[in-house]
There are 2 protein chains.
Amino acid sequence: MSVDDGQLDRAFAALGDPVRRAMIARLSRGPATVNELAEPFPITTQAVSRHIQVLEAAGLITRTRDGQRRPCHLVPATLEALTSWIDEYRLETERRFRRMDAVLNAMKEQEQ
Amino acid sequence: MSVDDGQLDRAFAALGDPVRRAMIARLSRGPATVNELAEPFPITTQAVSRHIQVLEAAGLITRTRDGQRRPCHLVPATLEALTSWIDEYRLETERRFRRMDAVLNAMKEQEQ
DNA sequence: CCTATATTCAACACATCGGTTGATCAAGGG
DNA sequence: CCCTTGATCAACCGATGTGTTGAATATAGG
């Protein structure tokens, strides 16, 4: 809820880039401006600005205004939507594996 | 562990495509062949075959052999690596938010 | 054997991505 | 006011992604 399929597309794809993942990691420790986020990377501020736009379009961050700065803030709810999606299928798979194990064990019992 | 950064790149990027996410959903209910996975989509089997290769390269699935079939199996451990990555930063952010709330409440106390 | 089925490989078209440079806009500070 | 700083817009480029068609490979099965 609150994230449609297109948002899932954009959010997962956004996390597929190591630069953007590093930005997420940085933002988990507090808000940061474009220049602050750009600092660790050997790329132009423009490139970073576009990475930020991608993260914003994905709903992974929001932006506020502080004079001429545009600080970025992580949105944990969107991260949570991603883990929820993944966990749904991971848990189903693990349940299935456990059922399969049970069947195999039962067959082993039978054999003896 | 067991998944390097390149794997994270590939796995997150792989989930950025709705066709591949649908395949993951399908595979959570049990193994499936290329043709079975292709059935719901209006694309060629070749295209599906390449989606499968992408999922395999990302470590999200493995493949076995059954005669001329090549069944796909979901790898829950890789899904778990993704949720672990996300949760690390989501939880850090939420902790930070709670600390901030505490400070704000303390300031409110002070005022009275 | 010969043929049908399951899957993959190869070559191509087209869109998107991630970077660049150069120009522009907006807010602050002497 | 002007000039600097923070950020973005626009145009371009090479690489990658996703689909197609057509050919190839491999196993199954009469």
Side-chain angles (χ1 to χ4, degrees), chain A residues 4-27 30-74 82, chain B residues 4-27 30-74 82:
Chain A
D4 58 276
D5 266 30
Q7 288 275 347
L8 275 188
D9 287 359
R10 288 187 283 273
F12 276 124
L15 294 183
D17 185 294
V19 170
R20 288 191 290 259
R21 278 206 310 284
M23 290 175 171
I24 294 289
R26 163 65 186 80
L27 289 172
T33 67
V34 176
N35 279 326
E36 284 164 356
L37 287 172
E39 197 272 325
F41 304 104
I43 60 178
T44 61
T45 332
Q46 290 95 313
V48 171
S49 183
R50 288 210 300 201
H51 278 301
I52 290 173
Q53 288 172 32
V54 170
L55 290 171
E56 191 177 20
L60 287 166
I61 66 171
T62 57
R63 314 194 63 181
T64 52
R65 183 163 277 290
D66 169 29
Q68 59 190 142
R69 320 271 167 73
R70 307 288 312 280
C72 303
H73 309 259
L74 205 46
L82 299 187
Chain B
D4 59 276
D5 267 31
Q7 289 276 342
L8 274 188
D9 286 359
R10 288 186 283 272
F12 276 124
L15 295 184
D17 185 295
V19 170
R20 287 191 290 259
R21 278 206 310 284
M23 289 175 171
I24 294 289
R26 163 65 185 81
L27 289 172
T33 67
V34 177
N35 279 325
E36 285 164 358
L37 286 172
E39 195 271 325
F41 304 105
I43 61 179
T44 62
T45 327
Q46 291 95 315
V48 170
S49 181
R50 288 211 299 201
H51 277 301
I52 289 172
Q53 287 173 32
V54 169
L55 291 171
E56 192 176 20
L60 288 165
I61 66 171
T62 58
R63 314 192 64 182
T64 52
R65 183 165 276 289
D66 169 29
Q68 58 190 143
R69 319 270 166 72
R70 306 289 313 280
C72 303
H73 310 259
L74 205 46
L82 299 186

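Each chain gets a letter, A, B and so on, in the order its sequence line appears, and its residues count up from 1. What you see is a predicted model; the values in this text were computed from it and never measured.
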Student: Donor-acceptor pair, distance only, cut-off 3.5 Å: does the side chain of A:Arg21 make one with the backbone of A:Met23?
Tutor: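 Flag not set: sc A:Arg21 to bb A:Met23 has no pair under 3.5 Å.
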Student: For the side chain of B:Arg65, starting at C-beta, report the closest nucleotide among D:dT18, D:dT8, D:dT27.
Tutor: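 Closest of the options to the side chain of B:Arg65: D:dT27.
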Student: Knowing that exactly one of B:Thr62, B:Ile61, B:Leu74 qualifies, which makes a side chain to side chain contact (heavy atoms under 4.5 Å, CB included) with B:Leu55?
Tutor: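 Among the candidates, only B:Ile61 passes.
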Student: Establish, with yes or no, whether the OP1 or OP2 oxygen of D:dG6 is under 4.0 angstrom from a side-chain nitrogen or oxygen of A:Thr33.
Tutor: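 Checking A:Thr33 against D:dG6: no side-chain N or O falls below 4.0 Å of OP1 or OP2.
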Student: Rounded to whole Å, please give me the gap between CD1 in A:Ile52 and P in C:dG19.
Tutor: 12 Å
Student: If you go through the side-chain atoms of B:Gln46, does one of them form a donor-acceptor pair with the base of D:dG22 closer than 3.5 Å?
Tutor: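 Indeed, a donor on one side and an acceptor on the other fall under 3.5 Å apart.
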Student: Between P on D:dA7 and CD1 on A:Ile61, what's the gap in Å once rounded to a whole number?
Tutor: 12 Å
Student: I want to verify a distance call: between D:dG6, D:dT20, D:dT8, whose nearest atom is closest to the A:Asn35 side chain?
Tutor: D:dG6
Student: In whole angstrom, what separates B:Asp66's CG from C:dT7's P?
Tutor: 10 Å
Student: Ignoring the backbone of B:Gln53, work out which of C:dT7, C:dT8, D:dT20 is nearest its side chain.
Tutor: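 Looking only at heavy atoms from C-beta outward on B:Gln53, the closest nucleotide is C:dT8.
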Student: Output yes when a side-chain donor or acceptor of A:Glu36 lies under 3.5 Å from a complementary backbone atom of A:Thr33, and no otherwise.
Tutor: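 Side chain of A:Glu36 to backbone of A:Thr33, a donor-acceptor pair under 3.5 Å: yes, one is there.
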Student: Classify the side chain of A:Gln68 versus the base of C:dG29 as yes if they form a donor-acceptor pair under 3.5 Å and no if they do not.
Tutor: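 No, the side chain and the base share no sub-3.5 Å donor-acceptor pair.
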Student: Does A:Thr44 place a side-chain N or O at less than 4.0 Å from the phosphate oxygens OP1/OP2 of C:dT20?
Tutor: yes
Student: Can you measure B:Ile43 atom CD1 to D:dT21 atom C1' for me and round it to whole angstrom units?
Tutor: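 Atom CD1 in B:Ile43 sits about 15 Å away from atom C1' in D:dT21.
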Student: Could you please name the option among C:dA11, C:dC9, D:dT8 that lies closest to any side-chain atom of B:Arg50?
Tutor: C:dA11
Student: Let me know, please, whether A:His51 or A:Gly67 comes out on the 5' side of the other along DNA chain C by nearest nucleotide.
Tutor: A:His51
Student: Among D:dA7, C:dG19, C:dG18, which is the nearest nucleotide to the side chain of A:Arg20?
Tutor: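 The closest nucleotide is C:dG18.
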Student: Considering only D:dA23, C:dG18, C:dT7, which nucleotide approaches the side chain of B:Arg69 most closely?
Tutor: C:dT7
Student: Once you round it to whole Å, what is the distance between P of C:dT7 and CD of B:Glu56?
Tutor: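 Taking CD of B:Glu56 and P of C:dT7, I get 13 Å after rounding.
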Student: Between A:Thr45 and B:Arg63, name the one whose nearest nucleotide on DNA chain C is closer to the 5' end.
Tutor: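 Between the two, 5'-proximity favours B:Arg63.
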Student: Between the side chain of B:Arg20 and the main-chain N/O of B:Ala14, is any donor-acceptor distance below 3.5 Å?
Tutor: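 Yes, because the side chain of B:Arg20 sits within donor-acceptor range (under 3.5 Å) of the backbone of B:Ala14.
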Student: With a 4.5 Å heavy-atom cut-off, do A:His73 and A:Thr64 have their side chains touching?
Tutor: yes
Student: Check the distance between D:dG19's C1' and B:Asp17's CG and give it to me in whole angstrom.
Tutor: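 Spelled out: CG on B:Asp17 to C1' on D:dG19 is 11 Å.
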Student: What's the CG-C1' distance between B:Asp9 and D:dT16, to the nearest Å?
Tutor: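 Answer to the nearest Å: 13 Å.
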